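Scroll down for the structure; my scribbles are underneath it.
The structure displayed is predicted, hence computed values, not measured ones. Reckoned from all heavy atoms, side chains included, excluding hydrogens, waters and symmetry mates.
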Amino acid sequence: MSFSENLVKLQKERGITNYRLSKEVGVHCTTVQNWRDGKRPLLEHAHAVATYFGKTVDEMMK
């Protein structure tokens, strides 16, 4: 699974909206949608998202 597939899956499982995630990791809501659409995040953002979901960056990227 790619980062975007993992992100969509985790958000759906936990009921996390793009808006909520964007506020938690400090990015614009559009940025989260771009990740969901397949754009890869910057490493610092990938780390923040992974930490938020209790995962490693490696787990999120695979």
Side-chain angles (χ1 to χ4, degrees):
M1 291 174 83
S2 67
F3 182 87
S4 63
E5 291 170 324
N6 282 319
L7 179 60
V8 169
K9 179 179 173 251
L10 288 167
Q11 279 186 276
K12 196 172 282 190
E13 286 175 356
R14 300 178 188 192
I16 306 296
T17 63
N18 286 0
Y19 178 79
R20 181 171 168 200
L21 182 60
S22 71
K23 295 302 170 201
E24 292 292 332
V25 298
V27 298
H28 194 275
C29 204
T30 305
T31 303
V32 174
Q33 186 59 51
N34 288 341
W35 296 338
R36 289 175 59 103
D37 292 340
K39 186 173 181 188
R40 297 190 95 183
L42 296 174
L43 185 56
E44 64 193 57
H45 294 148
H47 179 59
V49 171
T51 301
Y52 179 76
F53 285 113
K55 305 285 183 185
T56 65
V57 173
D58 235 15
E59 290 172 316
M60 291 296 294
M61 294 294 190
K62 290 182 180 181

(Q) I want to check something: taking the side chain as every heavy atom from C-beta on, are Q11 and N18 in contact at a cut-off of under 4.5 Å? (A) yes
(Q) How about NE2 on H47, more than 12 heavy atoms from neighbouring residues, nucleotides or ligands closer than 6.0 Å, or not? (A) no
Q | Neighbour count above 12 (heavy atom, 6.0 Å) for R40 CZ | A | no
(Q) Filter on salt bridge (Lys or Arg N to Asp or Glu O under 4.0 Å), then keep only pairs touching residues 25-36, sequence neighbours left out; what's left? (A) none
**Q.** Of all pairs that satisfy salt bridge (Lys or Arg N to Asp or Glu O under 4.0 Å), the ones with a partner from residues 19-35, not counting sequence neighbours
**A.** none
Q: Name all residues meeting the side-chain hydrogen bond (donor to acceptor under 3.5 Å, both in side chains) criterion together with N6; count only those two or more places apart in sequence or in a different chain, and write none if there are none.
A: none
Q. Quick one: side-chain hydrogen bond (donor to acceptor under 3.5 Å, both in side chains) partners of S4, sequence neighbours excluded?
A. S2
**Q.** Residues in salt bridge (charged side-chain N to carboxylate O under 4.0 Å, His left out) contact with D37, at least two apart in sequence or another chain
**A.** none
Q. Can you list the residues that meet the salt bridge (charged side-chain N to carboxylate O under 4.0 Å, His left out) rule with K62, with sequence neighbours excluded?
A. D58
Q. By side-chain contact (heavy atoms from CB on, under 4.5 Å), which residues pair with K9, not counting sequence neighbours?
A. M1, E13
Q. Other than I16, what residues sit in its cluster of Ile, Leu, Val, Met, Phe, Trp and Tyr side chains whose heavy atoms are under 4.5 Å apart, directly or through others?
A. F3, L7, L10, L21, V25, V27, V32, W35, L43, V49, Y52, F53, V57, M60, M61
